[in-house]
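Here is the structure we will look at.
Chain A is the first sequence line, chain B the second, and so forth, proteins listed ahead of strands; every chain is numbered from 1.
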Amino acid sequence: MRLLFLFLLLGAQLAQAQQALLLDTYGTYNSTGVRRQVADAFFYGGLIDSNEISRSLSGLQKRNTFGLQMGLNAQWQTPWSVSKDAQKWGFSYKWVFNAGIQQYAGLQFSKDLFGMVFQGGLPYIGDTLDIGNLRAEATTFSKIGIGFGNKASQSTFVLNFVAVQRNLAASLSKGSWYQTPSSAQIELGLTGQAKFNRASGQAYGLSLDIDYRFGSADSTSNEQQFQLLIQNLGVARAVQSTSYSMSGTLQYSGYSFATWQQSSVEQLAQAFLDSLGYEQALVSNWILLPAQIQLSKIIDPESQQRLAAYYGAQFMLRQTYTPLVYAGAQLKVKQFWRTGIGMAYGGFGGLRMQAYSAFQFKRSQLLLRSDNCTLRNGASLYLQFRCDI
Amino acid sequence: MKMTSMRSFGILLIALTLFSCKKEATRWRTDWLLPVLHDTLTLNQYYNDSTLSINGSQIDVNLSRTILDLGLSDLIQIPDTTIAQQYQANFTVNNVSPGFMFVNSIKTHELDLGDIQLKKVRVSSGQIQLKVYNPLNTAVLYQIELPGVMQNGQVFVQNYTVAPGTVQNPTIATETINLSGYEIDLGGLQGLEFNQLQSKLTLKTDPNGQTVSIYNNQIFKFEAAFQNLRFDYAKGFFGATVIAGQEQFNLPYLDLITNGSISLPDLDLGLQIENGFKMALRAQVEELSATNTQGQSVSLNAPSIGPSMYLAPATGSWNTLQPSTLNLQFNQNNSNIKAYLENLGANQQVTYQLQPNPWGNTSAGHDEAFANSRLRIKMNAQMPMALQADGLTLQDTFDIDLSQDLQKSHVTAATLILDATNAFPFSCDIVLYFMKDGQVWHTVIADAQLVSALQGQVDPSDGLLKKKSKLKIVLPPALVANLQDLNQVAVSANFATTDPGTGLAVQQAVQAHAFLGLQLQLQLQTQIRP
């Protein structure tokens, strides 16, 4: 989503600029059902009120998502052509350097699991809780890359070296929790697996960032200008990840005096894990980076049209992310100030309103945007800055 | 342009700072109910094992304990002993031809067994380690014979060919032989002596060796070390040494009683002294006393405590062995046995003397002991399982480690919930003392009593009188806040056999198959801090 506005800025860059520096930072979280007040507590701290938890719970569907994306990216579009020979293709391209750090976290969870985590098991005694169909994906990685950009179309192609700092891929295909009202006996069934890679477990790879523009070169023609943006398309190899798996059932109604006397807490905990078929191992594995693919219509900032429409769609190679579609209109308030308003649906959340403002100065541009103005279960802030030198 | 860019960058920084500002920890409250304990306390494991027995709808205490149990190996022992035999020429013998047998003699060894005079023993376990030394410059054939040591009619004979050696470095051959099953005749050459062991050493130079000279500084010897000998038969005079002893033992649970009293029904306590050796025996129970947890001691007073008593030798042998026994009976009429037991003495102490052959060697060395010969003191008691408890308090202390970091997820409130089904005829009040290094910081009392089965109804499914109770023990917030400092909890249970009609403590019999079913749950309120 944020890339839409990056396109807006990129489209607005001055053709005559020798070189440009682009800074792009963003932070967003959203959910299909968890109220913003609950999620905010994880970012700003504080007590999550039980009333807020109850309200969130009542708004949840059987399956829900929550996601978080944060990142900081810098790109330097150099003045140096790939080739000095005007007869060669490289003359039309200039070198581009790129560096950034990004974090993706996505969670799919059941309403019952949310209730158990945030309210405990006591309110659900006598109910069978479905805590399965849980999926958690989280990746933090940094990248540094080199590529080339077309001087005329502003399309860029960058190959990045990627270092994954942390990666988690976990799923719980089956999960149930039941406590009998008479004795509080716990009946737990879990089937799932996870792979976790810490910063200490080295994981390196390559990724490709493609910004391809097609359609009309400017707004004077009747054709629209579009962009196909592919980012973080690549993989990394983790040499030492920890793999966890679990498949089993457990019934626990308390231990006898003899068991408590003869066993340590560690032994009892291990017995629990054994009942659940818990296994742990060190493995090597490939990590698929959270690649995103976006197709969107771009608005030409030089256009004299006061009102223009934008729209697009975005996909991510993540099971916790649903395809995102958005559409809206932009109003050119002043020559240096454009503002837009629109709607978005998908990603980590439901239907919500977005708004942005872009300011264009003599040699720089600044954009601020939020995707959660109303109808919101999250918050987001996008800041982009471009300086043409 | 530069100012504009700086301004924009400033806005960016401020926005980022605000976004990342986190003032306090994220936290929320959850409530849990966790099962902790699920058990049924019964007396089943004590039925039919000489402790309890079912008698109709009642339980009888049929306590039988062996206080002392001595066997043959405890009374008759040969300490680890080494015997040696050697040959040394008085003068030089030259030109000794191969195959020359140059010594053949028998030696008798005396065993030091104190006042015990053994004529014969049979080894049940143990070993002999043989070591032979050859200082001659040709191989020597050693034959070691122990004439009194036999197995299946065969005399113990071992042959060794020991390689050539020197005076300074004689060649040594060593072997360890299991003596299990060997009989050892300690009667000497004529069979009339005791504690005597014979050996015979025969030496022969190597028939295929060279002609050698034997010098007077060459010592030919063997050593036989008897190790860890245990016997399953012994004959002789077993001595008259007094075995004086003091045995102490603790009765379980009685050491947990801190207060209150009980009243028991009339009972008989028997003490049986058993002599499984074919020898006369003097037995004397000098004192039988018990000390309770308050330090109060009561000694058992009875005519048979103190004076010596004499037991005849056992009769028969091996499988037909019949021990002689002496039975002492303590009851209300001849002792203070009731007061002795109602003192609830956890620490029991018995002081005794046992003396074999109190009149000396009257059997002329014909004392006998077999594999199944025992000297035993047994105690047995019989009474219906009934008691009257009035404020009988059992208290036990457990170490706990419930430390928690209040800056992380932690418990903010807790309640223990006890569901009990009681088929015993007593009620129980529970108090918990939470302590730090023995100092009580918090006292928590259950909100209700574990009610006696006497106030319940007969369950038609099993015919037992039983009563259900539900107790809550709420741990106050101050206690929960101190959990990380507390390291001990004392559980105090106050029992009473109160008559529901009169409210007075009365003696109550425990019904057969009585049990106490317990389900303990822990209700927790937690603050989660991810």
*asked:* Counting heavy-atom pairs closer than 4.5 Å to chain A, which one of B:L33, B:L37, B:T30 comes out on top?
replied: B:L37
*Assess whether side chain to side chain contact (heavy atoms under 4.5 Å, CB included) is satisfied between A:F385 and A:S364, documenting all intermediate values.*
CA-CA 7 Å; A:F385 176 74; A:S364 62; 3.9 Å; yes
_Atom NZ of residue position B:K408 - does it have more than 12 heavy atoms of other residues, nucleotides or ligands inside 6.0 Å?_
no
*Indicate whether any N or O donor in one side chain lies under 3.5 Å from an N or O acceptor in the other, for A:D112 and A:S110.*
no
*When only pairs under 4.5 Å are counted, which of A:V38, A:L47, A:I125 shares the most heavy-atom pairs with chain B?*
A:L47
*Considering only heavy atoms, give the residues of residues 515-525 of chain B separated from chain A by less than 4.5 Å, sorted numerically, with 'none' for an empty result.*
B:L518, B:Q519, B:Q521, B:Q523
*Taking only residues two or more places apart in sequence, or in another chain, which ones meet A:E187 in a side chain to side chain donor-acceptor pair (under 3.5 Å)?*
A:Q185
_Portion of B:R29 that has a non-hydrogen atom of chain A nearer than 4.5 angstrom_ = backbone
*In terms of heavy-atom proximity below 4.5 Å to chain B, should A:S183 be classed as side chain, backbone, both, or neither?*
both
*Apply side-chain contact (heavy atoms from CB on, under 4.5 Å) to B:Q455 and list each qualifying residue two or more places apart in sequence or on a separate chain.*
B:V451, B:P500
*Partner chain B: residue of A:D49, A:V265, A:I53, A:V117 with the largest heavy-atom pair count (under 4.5 Å)*: A:V117
*Return yes when atom CH2 of A:W76 has more than 12 non-hydrogen atoms of other residues, nucleotides or ligands closer than 6.0 Å, and no otherwise.*
yes
*asked:* For the residue pair B:N482 / B:H442, report whether a side-chain donor-acceptor contact shorter than 3.5 Å exists.
replied: yes
*Identify which part of A:Q119 has an atom lying under 4.5 Å from any heavy atom of chain B, answering side chain, backbone, both or neither.*
backbone
*Sub-3.5 Å donor-acceptor pair from the side chain of B:S409 to the main-chain atoms of B:R529, do we have one?*
yes
*Tell me, for A:S182 versus chain B, whether the close heavy atoms (under 4.5 Å) come from the side chain, the backbone, both or neither.*
backbone
*Any side-chain donor-acceptor pair under 3.5 Å between B:D401 and B:S403?*
yes
_I'd like to check the side-chain contact (heavy atoms from CB on, under 4.5 Å) partners of A:F336; sequence neighbours left out, ordered by chain and number._
A:K334, A:F359
*Specify which of A:A184, A:G121, A:G46 makes the most heavy-atom pairs with chain B at under 4.5 Å.*
A:G46
